[in-house]
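The block underneath contains the structure these notes are about, expressed in structure tokens.
All chains are named by letter (A, B, ...) in the order of the sequence lines, taking the proteins before the strands, and each is independently numbered beginning at 1. Note that these values count all heavy atoms, side chains included, but never hydrogens, waters or copies made by symmetry.
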Amino acid sequence: MTLLEIKNLHAAAGEKTILRGINLVINPGEVHAIMGLNGSGKSTLANVLSGKDEYEVTQGEVLYEGEDLLEKSPEERARAGIFMAFQYPVELPGVNNTYFLKAAVNAIRRERGEQELDAYDFMKLVREKLKVLDIDESLLKRDVNTGFSGGEKKRNEIFQMAVLNPRLAILDETDSGLDIDALKAVGSGVTKLRSPERAVLVITHYQRLLNHIEPDFVHIQMDGRIVRSGDRSLALRVEEEGYSWLEEEVRNGLVNA
Amino acid sequence: MSTSQTQTELAPYLQAWQNFLPDRAGEPAWLGTLRRNAFEQFEQQGIPDRTQEDWRFFPLNALRTTAFARPLPPALPSLQQMLQNHPLANQPGPLLVFCNGTFVPALSRLESMAAGIRVQNISTLLTDSPELLQPWLAQQNERQAGPFAALNTAFMEDGAALVLEKNCRLQQPVTVLFISQTLHQSSFTTPRLLVAAGENSQAALVEVFLSEGEQTAFTCSATEFALAAGAQIDHVRIAQENLQTIHISSTRAELQGNSRFASHNMALGGMLTRNDITVGLRGSGIHATLNGLYLAGGNSVIDNHTAIDHAMPHCESHELYRGILYGRAQGVFNGKIFVQLDAQKTDAKQTNQALLLSKDARLNTKPQLEIFADDVKCTHGATVGQLSRESLFYLRSRGIGEEEARAMLVQAFAADVTGRIPLETVSNYLQQMLPLRF
Ligand SMILES: Nc1ncnc2c1ncn2[C@@H]1O[C@H](COP(=O)(O)OP(=O)(O)OP(=O)(O)O)[C@@H](O)[C@H]1O
Ligand SMILES: [Mg+2]
């Protein structure tokens, strides 16, 4: 079964229309990348998928595992296996990282009818993921994202992803501002997640992340629409030549069928 | 206030006063004088009404319409049960338990103290060493402290006293529990705490107000601190009575040079709560900290009035109050800071931050800085807001339900205040007492 199906999705923030008819199908096992100019609505798409209420869907629908995704609350989506690594993770002073993550893990487990993890099993899981991602344990003692450097915040997102083990991971510019080592860690985190049941949607400006996460499909978003889809070579071309050739073609009516 | 009105309002108190005095015949004469003066003052001032600026937001009608009687003697078995596993009754250090105004030795722990340290209930001290109390008891600004401090002094039955001689330090906190057992009738109690800290002495006190039973009660509390030069005192005050309780307290501290005083005022219960905290900085090099957390829901009202009087140069005061209001709760924060002409180089900082978690919750906040010296640093700031939508969304996007997410953010907000209490058991306890639903 298709994991995610986005059909003619239109969304607005207040008066401003941002998404103008997104169509996208993601099957289990696939990795999709979305690229596009600043302001083309990539984060908005990710936010709408994870249920942020400041956006209003004005047209279209989204099916996740065959069910209407848009009527679900953000927590229901997360419990159903959707995870979004935010472009700008918020700081939560006073909320301890471990406490937070344990609450998240157990909320998801409860929903699935699984037993909650006790402190011991939870710490075992967490330590294992820290090790894989080469993240220092001191992260656990800190408040969520509070005072973290840009790179640390992104790593923390990937760490959460690894612990929560989602079916559909959406990474919104997780590669921006990362040094080479961190980029590798993100890449290996995503690679570990890859399996025939899971899928990944990566939003990025740079094809360098795609060296670490081999995408099956690359989409270019412009002004709230996906105007071109292709394979890896599309990402390479965009990186080399920019978007003007594509804008030209779009003006001449050459968009995805 | 018209005399006839005052008469009827005060009738229950007059009645109680007439019954109370004869019982006190065995007390030292000086205390009798204090009591009579205090009651006279209470009568003169009466129960304040809302035309008085300091009581504008505090509805005292309940005090006019309910005839509060003196309480019944405590019933011990249920009390014992209540305290058996109570984290604050079981933390290390001396414990004094009072119920309905009466000291309960059976549930208290008065360990033997080093020389120069006296931790005792007031009525025992009045019999065996009144000279320890006389210089301190009810000696601070009784006239300015208002009608309820006077009411407390008039009716003060028992309470806790800590008297520290020069250089004496307590390793463990002193815990004082005031419990009102309101199983059968509406009653009023007058808990008292007195701390006289000699030069360079040090202690921490945890003063806790609890109730057993769901009847209305009126707690009229008074606490006094006298810190000699270099003394260091932490005072945690936790008011956690039932949702029918009227709790009115006055805390006064007089601080001498280079002393350190920290007040942690935690208001977590009650129907009507009014706390007045007044601190006088009478020497130089003093650090005063006034922190507070207030939490109210339903129809509760919580009113904190603080006043810091900088009389001498080179002192610092830091004040941080945080409030959490939900339901139809109303909060009041009034923070006065006086910087007298002589108090050059004063560094005073006041912050009040509140979360309003429902559309009907209200906060009235008023900083009041009166500065007569010219070379000082005084700042104040107040912010009132809701939980951050971004933060809530972040938590929910990880699978955490909305209700739990809200509770987590409220706990985080409170932790900034509770985390400043230098007693881990106490700050953990407070965090656990926060509601899980708003
Ligand atoms: N809540 C909002 N209210 C108003 N405008 C918004 C809101 N959210 C996004 N926008 C606008 O919608 C447009 C698309 O924003 P979005 O963040 O989705 O772009 P993006 O493709 O992710 O850009 P970038 O590459 O810079 O991250 C921008 O013009 C942005 O200012
Ligand atoms: Mg973006």
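Comment: A:E157 engages B:R398 in a salt bridge, judged by a side-chain N to carboxylate O separation of less than 4.0 angstrom. Taking the charged nitrogens against the carboxylate oxygens, B:E404 and A:R110 do have a contact shorter than 4.0 Å, which makes a salt bridge.
Counting non-hydrogen atoms of other residues, nucleotides and ligands closer than 6.0 Å to CD of B:Q171 gives a total of 12 or fewer.
Ranked by heavy-atom pairs shorter than 4.5 Å toward chain B, the options A:L92, A:N106, A:V105 are led by A:L92. For chain B, the option among A:K52, A:E76, A:R79 with the highest count of heavy-atom pairs below 4.5 Å is A:K52.
Here the side chains of A:M161 and A:T174 are not in contact, with every heavy-atom distance at 4.5 Å or above.
For chain A, the nearby part of B:Q411 is the side chain; its heavy atoms alone come within less than 4.5 Å. There is no contact between A:P166 and chain B, counting heavy-atom distances below 4.5 Å.
A donor and an acceptor atom, one from each side chain of A:N47 and A:T44, are nowhere located under 3.5 Å apart. Residues A:S138 and A:D136 have side chains that bring a donor and an acceptor to within less than 3.5 angstrom of each other.
Side-chain atoms of B:S317 never come within 3.5 Å of backbone atoms of B:A288 as a donor-acceptor pair (strictly under, hydrogens ignored).
By the 30° and 60° cut-offs, the orientation of the rings of B:Y321 relative to B:F333 is tilted.
Contact annotation for residues 381-395 of chain B against chain A (heavy-atom separation below 4.5 Å, listed by residue number): B:R389, B:E390, B:S391, B:F393, B:Y394, B:L395.
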